[in-house]
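Input: a single structure, listed below in structure tokens.
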There are 2 protein chains.
Amino acid sequence: MSLRHILLGILSEPQSGYDIKNRFAQSLQHFWRAELSQIYPLLQKMENEGLLTSKELASSIGPPRRVYKRAAKGRRELLAWLAGGPKLGEERIAYLAQVYFLGNLRNPDQAIKFMQDLRDHMAEWLKSLEAAEGKWRTHDRRYPDDLPDDEFFAQLTLSLGLKKVKANVDWCDESIKRIRTRKLAESKSAKIA
Amino acid sequence: MSLRHILLGILSEPQSGYDIKNRFAQSLQHFWRAELSQIYPLLQKMENEGLLTSKELASSIGPPRRVYKRAAKGRRELLAWLAGGPKLGEERIAYLAQVYFLGNLRNPDQAIKFMQDLRDHMAEWLKSLEAAEGKWRTHDRRYPDDLPDDEFFAQLTLSLGLKKVKANVDWCDESIKRIRTRKLAESKSAKIA
DNA sequence: TGTTCCATGTAATAAGTTACATGATTTA
DNA sequence: TAAATCATGTAACTTATTACATGGAACA
């Protein structure tokens, strides 16, 4: 039920479905994803429910755009979501489910490969977050604590992102070592037996 | 598409839908959740697809249980999922979406309250993870690196959980301070103006 | 005697994914 | 001239949630 609230959050300024998709690509995708084919019908539905208003605008580059903005009712629903306190216990992290079952792989090298692959992705992700932060810092001297409200809270999520992705990289390194050590211990006990 | 793979992972040993729900409550729920009303029909469907087999067992305490176990075909599908490498980019963390939009709250005290609430939940979660670890360590001297494969990889997810939840608590503390500082700066500039 | 636990499910609805369809404009 | 970007959508399908239905055993 969160996508509708995310749309309400984004639509303090008028934007098209396409704009929203780009907003996901920039920042939101780190904790929620959505396809255009989900966004477009939902915008229409929410307009019918009186949460949004829309108008069609001609565009210089390409087809006309339908831009949506939240209505007063939409703003109230957003505030109710926030006032309801943090929604915990709904996390989904597919790669951890995979790690949980890595023991099913017969050869420990496969588990090591999986963790190295994960490590590489996390390190790359960390790089991109650090680059985003660096750019933001150099382009806006208000960064990070004098930013306007909406950007400040987006920065908070970036700052947690950095911490968590770093923790992930460290954990991957540790885990790979631990799997290697087990592998050695196993081959020794096999020789003894 | 991950629940079917999680079921395949769990069902190396025969278990009922109810057992699976309990398994979620113990550990899996930290990265994936599932309701019984999703589990039961999916087990049936996967049996029809030849991924699982089942049989009904009488129980001493309560109604008869239908226990499922993965078939050879199910095991192959699980291995293919793991061999496909880590599934990234599908994370869902609703509370971060909320933080992202906290700027919509007019009064900074509301944002502080939200973050304190989040902090409390994270601290409680951390306690429960530490308790789980302590219990495991005292009850099994093989903990953590000499555990059998399946438990070892489950322990890896616990060890990441500890790191991440700690990072979350720290980040909440930092964030609350930062919001407080902004609030003070704002009230000063209001006086000057 | 009421609540929790054990145990299985169905029905209705909502949310989300994948594939398809269209067409202009800009860049390589 | 092929690909990418801009822009909007529909159709078919899968996945997930909420509500409902049943009933015995244990516990407080």
Side-chain angles (χ1 to χ4, degrees), chain A residues 1-8 14-26 28-29 31-49 51-52 54-68 77 81 87-94 97, chain B residues 1-8 14-26 28-29 31-49 51-52 54-68 77 81 87-94 97:
Chain A
M1 278 272 286
S2 289
L3 183 59
R4 45 188 316 124
H5 299 117
I6 291 172
L7 296 183
L8 291 172
Q15 285 178 85
S16 69
Y18 199 80
D19 294 334
I20 292 169
K21 186 210 72 174
N22 289 332
R23 185 74 176 272
F24 269 90
Q26 283 164 36
L28 288 160
Q29 77 177 3
F31 38 85
W32 208 273
R33 59 176 269 181
E35 303 295 328
L36 275 172
S37 55
Q38 193 189 359
I39 293 169
Y40 283 121
L42 184 53
L43 287 170
Q44 290 167 15
K45 198 185 164 205
M46 288 170 73
E47 185 174 19
N48 289 336
E49 290 171 12
L51 300 166
L52 306 176
S54 81
K55 53 185 164 183
E56 199 176 78
L57 298 180
S59 166
S60 51
I61 45 151
R65 302 151 45 78
R66 176 160 296 275
V67 293
Y68 292 84
E77 188 166 319
W81 181 55
K87 293 277 172 284
L88 283 138
E90 292 171 39
E91 286 80 331
R92 272 195 202 182
I93 309 169
Chain B
M1 279 271 286
S2 288
L3 183 59
R4 41 188 319 124
H5 298 117
I6 291 172
L7 296 184
L8 291 173
Q15 283 179 84
S16 70
Y18 198 80
D19 294 332
I20 292 170
K21 187 210 71 174
N22 289 333
R23 185 76 176 272
F24 270 90
Q26 283 165 37
L28 288 159
Q29 77 177 7
F31 38 86
W32 207 272
R33 58 176 269 180
E35 304 296 328
L36 275 173
S37 56
Q38 193 189 0
I39 293 169
Y40 283 122
L42 184 52
L43 287 170
Q44 289 167 15
K45 197 185 164 207
M46 288 170 72
E47 185 174 19
N48 289 336
E49 290 172 12
L51 300 166
L52 306 175
S54 80
K55 53 186 165 182
E56 201 176 79
L57 298 180
S59 166
S60 51
I61 46 149
R65 304 151 43 79
R66 176 159 296 274
V67 295
Y68 292 84
E77 188 165 319
W81 180 55
K87 292 276 172 288
L88 282 139
E90 292 170 40
E91 287 80 329
R92 273 196 202 181
I93 308 168

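Below, read A as the first sequence line, B as the second, and so on, with proteins coming before strands; counting in each chain starts at 1. Treat the numbers as computed from the prediction; the structure is a model and nothing was measured.
- With respect to the salt-bridge test (charged N to carboxylate O, under 4.0 angstrom), the residues Glu47(A) and Arg66(A) do not qualify.
- Regarding Tyr68(A), its OH atom lies at a distance of 12 Å from the C1' atom of dA7(D), rounded to whole Å.
- The residue Leu36(A) sits close to a base: some heavy atom pair falls under 4.0 Å.
- The structure places NZ of Lys87(B) at 15.0 Å from CZ of Arg92(A), a figure rounded to the nearest 0.5 Å.
- At the phosphate of dA7(D), OP1 or OP2 sits under 4.0 Å from a side-chain N or O atom of Arg65(A).
- Each of Arg92(B) and Gln44(B) was matched to the nucleotide of DNA chain C holding its nearest heavy atom; the match closer to the 5' end belongs to Gln44(B).
- A donor and an acceptor atom sit less than 3.5 Å apart, one in the side chain of Ser37(A) and one in the base of dT18(C).
- What separates OH of Tyr40(B) from P of dA21(D) is a distance of 19 Å, to the nearest Å.
- One atom, CD of Gln38(A), and another, P of dA12(D), lie 19 Å apart when rounded to the nearest Å.
- Computed from coordinates, the Arg66(B) CZ to dT10(C) P distance equals 12 Å when rounded to whole Å.
- The side chain of Lys45(A) contributes no N or O atom lying less than 4.0 Å from OP1 or OP2 of dA14(C).
- dT17(C) atom C1' lies 13 Å from atom CG of Leu3(A), rounded to whole Å.
- Among the protein residues, Lys21(B) comes within range of no part of the nucleic acid, since none of its heavy atoms lies under 4.0 Å from any strand.
- Atom CD1 in Ile39(A) sits roughly 15 Å away from atom P in dA15(C) (whole-Å rounding).
- Note that Lys21(B) lies outside the cation-pi zone of Phe24(B), set by a 6.0 Å cut-off to the ring centre and a 45° limit from the axis.
- Phosphate proximity of dT17(C) to Arg33(A): present, with a side-chain N or O under 4.0 Å from OP1 or OP2.
- Straight-line distance from the CD atom of Glu35(B) to the P atom of dA7(C): 18 Å, rounded to whole Å.
- Contact check for Leu43(B) versus Ile20(B): side-chain heavy atoms found under the 4.5 Å cut-off.
- Atom CG of Leu8(B) sits about 9.5 Å away from atom CG of Leu3(B), to the nearest 0.5 Å.
- At whole-Å resolution of the value, CD in Glu90(B) and P in dT15(D) are 12 Å apart.
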